[in-house]
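First up is the structure itself, then whatever we jot down about it.
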There are 2 protein chains.
Amino acid sequence: MTSARAGKLVAPEPAPRGDTSVRILAAAEKLFAEHGFGAVSISAVAVGAGVSKANVFHHFGSKRALYLAVLRNACRDAAQRLEHLETHRGRFQERFSAYAVDMLDTMLERGQLHRLMQRELLAEDDGRLAKELAERVFGEKFARLVAILRTGQARGELRADFDPAIAAITLIGANVFFLQSRGVLRHLPDAGAAVDPRRYGAALADMLLRGMLAPGAGAAQR
Amino acid sequence: MTSARAGKLVAPEPAPRGDTSVRILAAAEKLFAEHGFGAVSISAVAVGAGVSKANVFHHFGSKRALYLAVLRNACRDAAQRLEHLETHRGRFQERFSAYAVDMLDTMLERGQLHRLMQRELLAEDDGRLAKELAERVFGEKFARLVAILRTGQARGELRADFDPAIAAITLIGANVFFLQSRGVLRHLPDAGAAVDPRRYGAALADMLLRGMLAPGAGAAQR
DNA sequence: GTCTATATCGCGATAGAC
DNA sequence: GTCTATCGCGATATAGAC
């Protein structure tokens with residue numbers, strides 16, 4: 001469980017040689033993602049980063065400021081990855097599949113970070129500033145996906161009688177849920193081969209495409 | 001928490017049944033769901049339940065035990081709601097839509113509870129016991145949905161070339177994500193009318209049905 | 001069963017030497 | 001920039017009267 005006392009002084013990281021604030025940020029991101037804001041102590045962060053408690057305060061001023069710094073750092077990374085997505089110009093099937101696969105890959109690559117975001121979303125208590133940060137990044141991702149779907153509809157490649165926003169939520173939601181629940185899904189006997197990310201991503205895109213493609217635009221391939 | 005403080009393994013729940021215990025459980029469920037385990041103090045629970053701090057310890061022994069009691073209580077409730085789901089026997093479209101809508105309704109009705117579950121899933125630190133509890137409930141839900149899909153495939157109502165588990169994950173994931181992210185989605189300009197639960201549930205079922213129905217079994221209606 | 005009072009510990013944050 | 005030492009506070013948990 002995520003008790004505040006969980007941070008029994010375990011061995012610090014092999015200290016990947018870098019600037020101190022970077023190590024502090026990395027340790028904080030890891031701990032916040034694993035235990036949540038309220039359950040992580042500055043002592044635990046300091047131990048994880050291999051520095052003293054006071055040094056953490058020297059660099060970030062307060063626990064809340066450290067938390068916001070972690071979130072902003074995470075948002076910056078996520079925003080950078082969006083730049084590589086909009087370049088495709090082929091048929092809709094290829095663009096959609098590429099987008100879906102890339103989304104899942106990005107999530108898996110930095111699963112910790114996405115867990116931290118989800119935690120912030122689930123909090124909803126205060127943290128309105130942090131939530132607005134998440135909105136900003138998430139909103140950009142969402143708007144681009146909706147735009148891709150709208151373009152497909154305008155071109156006649158996609159049926160016009162479905163809501164692009166709902167389709168986008170379905171795709172994102174299925175991916176986020178997959179990421180969140182892999183540890184549990186692995187233990188469900190009925191899940192079978194669905195726990196493999198590649199199979200899951202491909203099958204998801206295929207199924208959604210069948211629901212979105214215009215009748216005369218050719219069958220979903222794969 | 002692998003603390004040396006753990007000491008003795010206290011015998012499982014005394015299963016308290018008084019009015020006070022119920023109020024404590026309710027207050028604890030609310031607070032844990034809103035803020036997470038680590039950020040909730042026993043004092044806050046006591047205030048929420050209108051009793052003294054010491055009384056909380058009298059009834060539940062420790063904070064950890066209170067948390068497990070809340071989770072067990074939540075699982076029991078969720079399991080009971082499953083009993084009403086398996087009775088339908090009509091065409092696949094109706095059964096699937098009914099299942100999907102009921103799932104979303106249940107989630108919305110007790111969103112707090114589902115948030116608590118998701119938090120536990122996101123922790124992944126230890127808490128294996130609690131996670132196994134979640135697995136047990138979630139696994140039953142999941143198995144029934146997969147069984148419904150398999151039945152549809154066996155009857156020829158559904159295409160045979162998709163993985164029922166992946167379709168189930170997609171449906172559950174889209175619903176869970178919708179529940180989690182409503183507060184954020186409401187602030188996205190591109191989301192439009194997709195934030196309405198009824199419209200969302202209906203459109204989601206419709207889109208998934210188009211991807212699953214056998215070609216000759218008739219078009220998805222509505 | 002419920003309370004008040006208290007013990008003990010770890011938290012966030014600060015002061016100041018080096 | 002980094003540390004040790006410490007403050008003030010609130011946390012979990014206990015003792016014991018009613």
Side-chain angles (χ1 to χ4, degrees), chain A residues 1-10 12-13 15-29 31-32 34-71 125-127 130, chain B residues 1-11 13-28 31-32 34-70 125-127:
Chain A
M1 205 69 31
T2 60
S3 166
R5 296 196 175 86
K8 276 298 171 189
L9 312 178
V10 197
E13 295 291 318
R17 185 56 193 144
D19 196 12
T20 301
S21 18
V22 174
R23 271 185 294 141
I24 294 176
L25 270 181
E29 178 181 323
L31 288 170
F32 283 144
E34 282 176 356
H35 309 289
F37 178 77
V40 170
S41 70
I42 296 291
S43 291
V45 173
V47 169
V51 298
S52 72
K53 211 166 54 165
N55 208 356
V56 176
F57 283 98
H58 171 71
H59 281 282
F60 293 95
S62 73
K63 186 187 180 185
R64 174 75 185 170
L66 172 62
Y67 190 53
L68 290 181
V70 168
L71 282 181
D125 177 35
D126 52 353
Chain B
M1 81 178 55
T2 58
S3 167
R5 171 190 296 261
K8 47 187 174 181
L9 273 178
V10 182
E13 311 300 317
R17 272 297 142 197
D19 175 63
T20 302
S21 306
V22 174
R23 270 185 296 138
I24 293 175
L25 270 180
L31 288 169
F32 284 146
E34 280 175 357
H35 308 112
F37 177 78
V40 170
S41 70
I42 296 291
S43 291
V45 173
V47 169
V51 297
S52 73
K53 227 167 31 170
N55 208 355
V56 176
F57 283 98
H58 170 73
H59 281 283
F60 293 96
S62 74
K63 186 186 180 184
R64 164 85 182 171
L66 172 61
Y67 189 54
L68 290 181
V70 167
D125 180 31
D126 51 355

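Scope of the values below: all heavy atoms of this structure, side chains included, with no hydrogens, waters or symmetry mates. Everything numeric here is computed off the predicted structure, so don't read it as measured data.
Listed here is the closest heavy atom pair of B:R23 and B:G50: NH1-O, 4.3 Å. Across all non-hydrogen atoms, the minimal contact from B:V70 to B:A28 is CG2-CB, 3.7 Å.
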Check your understanding: For A:L25 and A:F60, what are the C-alpha separation, side-chain angles and deciding distance, and is it a side chain to side chain contact (heavy atoms under 4.5 Å, CB included)?
Key -> CA-CA 10 Å; A:L25 270 181; A:F60 293 95; 3.8 Å; yes
**Study point:** Intermediate values then yes/no, side chain to side chain contact (heavy atoms under 4.5 Å, CB included), B:Y67 and B:V40
**Key:** CA-CA 10 Å; B:Y67 189 54; B:V40 170; over 6 Å; no
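What separates NE2 of B:H58 from C1' of D:dT12 is a distance of 18 Å, to the nearest Å. Taking atom CG of A:L66 as the reference point, atom P of C:dG12 lies 10 Å away to the nearest angstrom. Summarising the geometry, the separation between CD1 on A:I42 and P on D:dT6 is reported as 21 Å, rounded to the nearest angstrom. Rounded to a whole Å, the CZ atom of B:F37 is 14 Å from the P atom of D:dA11.
If you check every strand for non-hydrogen atoms under 4.0 Å, B:S41 touches sugar and phosphate atoms only. Across all strands shown, B:V40 has heavy atoms under 4.0 Å from sugar-phosphate atoms exclusively, and none from any base.
Looking at which nucleotide of DNA chain D each of A:K53 and A:H59 is closest to, the 5′-most match is held by A:H59.
B:T20 has a side-chain polar atom (N or O) that falls below the 4.0 Å cut-off from OP1 or OP2 of C:dT2. Not one side-chain nitrogen or oxygen of B:N55 sits closer than 4.0 Å to the OP1 or OP2 atom of C:dG1.
Each of D:dT12, C:dC3, C:dT14 was ranked by its minimum atom distance to the side chain of B:A54; first place goes to C:dC3. Comparing D:dA13, D:dG1, C:dG12 against the side chain of B:F57 picks out D:dA13 as the nearest.
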